[in-house]
Structures are given as structure tokens and as C-alpha cells.
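Heads up: the structure comes next, in C-alpha cells.
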Amino acid sequence: MDAQTTVIDARQSRQALLAGSVGNFIEWYEFGVSGFLATVIAANFFTLQGESEITSLILTYAAFALAFFCRPIGAVIFGRIGDRIGRRPTLIAVLLLMTLATALIGVMPTYASIGVAAPLLLTLLRMFQGLFAGGEFGGAVSLMTEFAPKGKRGLYGAWQSLTVAFGLLAGAGLVALLAALLTPEQLHDWGWRIPFLLALPMGAVALWLRLKLQETPTFKQAQQSSGETTQAPEVSLGGVLKTILIGIGRMMGWSAAGYTFLVVMPSYLQTSLHATFQQALVATVLANVGFALTILPAGILSDKLGRKTVMLTAVIAVILFTFPLLHLLQDPQSSLLTKGIAVLIAGAAVGMLAGPGPAMLAEMFPTRVRYTGLGLAYSLSNAVFSGSAGLIITGLIKQTGNLDIPAYYVVATSVVSLFALMTLRRDDHLRSLNAR
């Protein structure tokens, strides 16, 4: 009987890993597509008469930022539902709503068709996307880490970050393919719609996987404990809010560096360094490859050495190498190979943060508030330091003409994360989630 139970548990762990990952893949595929097509979306929806190309891009990133600022609201709404009725039903609902909002963008009329209503409707849909996506991360990471076998929580959590890389790579690859197969006019006219419409079949596969899920054993145990005479220790609101703030600090550099290097880079290379659309996409693909290559090794290392050791090493690397790497990209004398290696290294440094990151966040919160707490810490950090990255960087470059703005932004946020990560306990990776 014990052997059978172990087999079932192992199968459920694999199902949770796959079902949790696939929703994150769709979420970041869409956000990646939106970032990689930012100049196309700006031309179709945010081009104002008499304004420059960079102004249209700033308006596009403003809509991006609004979507990210809706994520914390979604994290609270769906997090509370997920902490009360369960991870499984909440993640199914979030997936359906997120898929629908993404697909609707693919059929949106442009500014040329309906005028100012077009950017307003697109911004509204992006806000709904952010709201629903805000409920994805907390549930997926709770699901994956609560089902993780002993000693593999970092590895299981790292799969969430790896599917972020896969989603961004899939988005970049598809946009690059469309750019190669279609003329610039076709891409701007109707080709940009294809990536958004593909969310429908992706969502159908993800829904099938999530319907097969069972509730996590950790959540079941917490529910059972709360119904017993001996109540579990109370979770104070003040304590949870303090933990969320610490989580934001620990994530700040990860959020800023990740979105700057992996998503904003194409537009920066085009508008500031005058690279072609194809060159910018190739650079972004290389950065995401570097990101993907280090995520799982970093997660595995954090299970052996601890989250603190791995994440501190990674954030120090980001601080030390960001300026030299950016200057290599700016140098017209640098070869394409050198620039390719530079963006690969930049992505790899972010991957070292993203690998242990999900497990680190899950270990910060008790089971009864884990969905809400880690989801809110993640979404607030991303709202401020990822969602606003394109707006801040592009706006400051326009105002100052300083091409080093992306490096200043990444280094400043990473220094804050350095101090926040120093507060991590060295044995968090060894403690059971059931005990929290």
C-alpha cells in the first residue's frame, strides 16, 4: 500500500508540475509577444498625428504598465479564493479568463478603423489580462512547491521560471518567423494578430491538464487543521504585509533585470541603437536562451546550497556586469558574436535569480496565505519594476539622451535586492512547507 501511495504521489507531482507550468507559459508567451511587437502595436493603436515614433512607443508601454498594475489586484482577489477554496478550481478559472482576454486582442479593430476607441479598448483588455494573470503565479507556484518531493522544492519552483523563458522564447520565435515570412506591410496589417489568436488552442490544452489535477496535500492538511478543535497559530495581517514587502525587495532586481534584458531590449535596440527589427529579435532570443539555460541548474543548486547563497551570487553578478555588457552593445566596433555573447550572459544572470526565486517566495508564507502572499509580492514587484520598465527606460532616454539608462535602472534595483536577500535564512530550503 505504501509503495502504491508513493507511485500515486509521484504521478500527482508530475501532473502538478506540468499543469502549473503550462499556464505560466501562456501568460509569458503573451506578454513576450506584446513586448516584441511593441513597435507594431504602437503603429496600429497609439500613433498620434504629429507625434514621434518614440512617443507612440511610450504610450504603448503605458498600457503595458497599467496591465501590470492590475496584477496585484488579481493576486489579492484570486489569492484569497485560492487560499480558501483551493488551488485547483482557482487556477482553472484564471486560465479560462486569461485565455479569453488574450484571444480578444487578436480580433481588436485598430486606430485606423475605429479611432480613439481602439487604444482605449486595447488598454482595457490588457488591464483584464493583468487582473487574471495576477491570480496565476501565486496559485501555480503554490501548486508546484506543495506537490514537490522532499529536497526538490527549488527544482519544482524553477520550472515556473523556465516556462517564463519558454513562453518568451516562443513569443520571440513566432514573431521572428512572421517577420521572415511576411512583408513589413503584412505584419503591420494582420500578421500581428496571429500570436494572440494562438492563445485559444494553447488554453484548451492547459485546461485539459488542469481539469485532471487534484488538490495539493499541503492545502488539504491546512484545511483539516483549521477545522480541528486545536486551531493553527493565527496569521497576523501586519506580519503578512511585512513579509510581502521583504519579498518585493528580494524580487526587485530580478523583476527589473528580467524585463529589461528579456522584453524591453528589442525596442531599446531599435529606437536607441538603430538596430533592425530582425537583429533586435535575434538578440532577445539569445538573452532568453541564456536565461533558460541557467534556471534549472540554479534551482537544483539552491536545493543543495540554499536559496541565499545562489541568489546573492546572482544579484552580485548582475550588479557587476550590467554596465560592461550594455557598453558592448553600444560599441559600434564590437562584433556581432561579441554582442551575442553579451546578451546571452545578461540572460544567464537573470536565470540564476529566477531559478530559486519561486521556491524562496513560497517558503516565506504560511499555507493559509501562501497563494495570496507570494502572488501579491510577485505581482507588486513586477507591476512596479517590470511593467514600468519600458515606460521608465524609454521616457528617461527621451528626456536625457543617456543610453546607459537601462544599466542604471537594473543596477539600482539590484542593489536593493542585495540587501533584502541578505535577510534570508540559510536553512529555509530544508524546512517543510507543512510546518508554516
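Atoms considered below: every heavy atom in the structure, side chains included; atoms not considered: hydrogens, waters and symmetry mates. What you are looking at is a predicted structure, and each value in this text was computed from that prediction instead of being measured.
By the ring pair (Phe, Tyr, Trp, His ring centres under 6.0 Å) test, Phe137 is found to be paired with Tyr378, residues two or more places apart in sequence or in another chain being considered. Applying the side-chain hydrogen bond (donor to acceptor under 3.5 Å, both in side chains) test to Glu215 and every residue at least two apart in sequence or in another chain returns nothing. By the side-chain hydrogen bond (donor to acceptor under 3.5 Å, both in side chains) test, Asp83 is found to be paired with Arg87, Thr372, residues two or more places apart in sequence or in another chain being considered. Legend: residues meeting side-chain hydrogen bond (donor to acceptor under 3.5 Å, both in side chains) with Ser255, ordered by chain and number and at least two apart, are Ser381. The side chain to side chain contact (heavy atoms under 4.5 Å, CB included) check on Ala75 picks up Leu376, Ser379, with sequence neighbours excluded. Not a single side-chain hydrogen bond (donor to acceptor under 3.5 Å, both in side chains) links Thr400 to another residue, sequence neighbours left out.
With hydrogens and angles disregarded, no donor-acceptor distance shorter than 3.5 Å links the side chain of Asp331 to the backbone of His327. Side chain of Arg88 to backbone of Leu213: a donor-acceptor contact under 3.5 angstrom is found. Listed for the Thr99 side chain is no donor-acceptor partner under 3.5 Å among the backbone atoms of Gly203. Between the side chain of Tyr371 and the backbone N or O of Ala140, no donor-acceptor pair lies under 3.5 Å. Gln160 places no side-chain N or O within donor-acceptor distance of the main-chain N or O of Ser21, the cut-off being under 3.5 Å. At least one donor-acceptor pair under 3.5 Å links the side chain of Arg193 to the backbone N or O of Gly106.
Residues Leu361 and Met251 form a side-chain contact, since some pair of their non-hydrogen atoms from C-beta on lies under 4.5 Å apart. Using a 4.5 Å heavy-atom cutoff, the side chains of Val343 and Phe261 are not in contact. Counting heavy atoms from C-beta outward, Val289 and Val285 have side chains that approach closer than 4.5 Å. Between Val141 and Asn24 there is no side-chain heavy-atom pair separated by less than 4.5 Å. Using a 4.5 Å cut-off on side-chain heavy atoms (C-beta onward), Asn382 and Tyr259 make no contact. For the pair Phe69 and Val384, the minimum side-chain heavy-atom distance is below 4.5 Å.
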Step-by-step side-chain contact (heavy atoms from CB on, under 4.5 Å) determination, Leu326 to Leu403 | CA-CA 9 Å; Leu326 191 66; Leu403 297 181; over 6 Å; no

Test side-chain contact (heavy atoms from CB on, under 4.5 Å) on Ile26 and Leu95 and set out the steps.
-> CA-CA 9 Å; Ile26 295 172; Leu95 175 70; 4.1 Å; yes

Residue pair Tyr29, Leu169: steps toward the side-chain contact (heavy atoms from CB on, under 4.5 Å) verdict = CA-CA 8 Å; Tyr29 158 83; Leu169 280 170; over 6 Å; no

Please assess Arg14 against Leu17 for the test side-chain contact (heavy atoms from CB on, under 4.5 Å), listing each intermediate value before the final yes or no.
-> CA-CA 5 Å; Arg14 289 192 296 270; Leu17 192 63; 5.5 Å; no

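Residues Thr145 and Ala359 come closest through the heavy atom pair CG2-CA, 4.3 Å. Smallest separation of non-hydrogen atoms from Tyr156 and Phe147: CE2-O, 4.4 Å. Across all their heavy atoms, Ser417 and Gly249 have their closest contact at OG-O, 2.7 Å. The heavy-atom pair separating Trp254 from Gly357 by the smallest distance is CZ3-CA, 3.6 Å. Across all non-hydrogen atoms, the minimal contact from Ala420 to Ile246 is CB-O, 4.4 Å. Between Thr413 and Ala256 the shortest heavy-atom distance is OG1-CB, 3.2 Å.
To the nearest 0.5 Å, atom CG of residue Leu162 and atom CZ of residue Phe291 are 8.0 Å apart. If you take CG on Leu320 and CG on Leu325, they are separated by 10.5 Å, rounding to the nearest 0.5 Å. Interatomic distance, Met252 CE to Leu418 CG, rounded to the nearest 0.5 Å: 12.0 Å.
Each ring-ring contact (aromatic ring centres under 6.0 Å, His included) pair with one or both residues in residues 397-424, not counting sequence neighbours, appears once here: Phe323-Tyr408. Applying the ring-ring contact (aromatic ring centres under 6.0 Å, His included) test to every pair with at least one member in residues 170-199, sequence neighbours left out, gives these pairs: Phe45-Trp192. For residues 118-141, the salt bridge (charged side-chain N to carboxylate O under 4.0 Å, His left out) pairs, not counting sequence neighbours, are Glu30-Arg126, Glu136-Arg210. Sorted by first and then second residue, the salt bridge (charged side-chain N to carboxylate O under 4.0 Å, His left out) pairs involving residues 415-425 (not counting sequence neighbours) are Arg425-Asp427, Arg425-Asp428. Identified under the salt bridge (charged side-chain N to carboxylate O under 4.0 Å, His left out) test for residues 102-112, with sequence neighbours left out: none.
Judged purely by distance below 3.5 Å, without hydrogens or angles, the side chains of Arg250 and Thr423 pair a donor atom with an acceptor atom. With hydrogens and angles left out, the side-chain atoms of Thr102 and Gln129 include a donor and acceptor closer than 3.5 Å. Glu146 and Thr216 share a side-chain donor-acceptor pair at under 3.5 Å.
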All N/O donor-acceptor pairs, side-chain side in residues 304-312, below 3.5 Å, sequence neighbours left out:
from: Arg307; atom 1: NE; to: Glu363; atom 2: OE1; distance (Å): 3.2
from: Arg307; atom 1: NE; to: Glu363; atom 2: OE2; distance (Å): 3.2
from: Arg307; atom 1: NH1; to: Ser302; atom 2: O; distance (Å): 3.2
from: Arg307; atom 1: NH1; to: Ser302; atom 2: OG; distance (Å): 2.8
from: Arg307; atom 1: NH1; to: Asp303; atom 2: OD1; distance (Å): 2.9
from: Arg307; atom 1: NH2; to: Asp303; atom 2: OD1; distance (Å): 3.4
from: Arg307; atom 1: NH2; to: Glu363; atom 2: OE2; distance (Å): 2.6
from: Lys308; atom 1: NZ; to: Met422; atom 2: O; distance (Å): 2.9
from: Lys308; atom 1: NZ; to: Leu424; atom 2: O; distance (Å): 3.4
from: Thr309; atom 1: OG1; to: Arg426; atom 2: NH1; distance (Å): 3.4

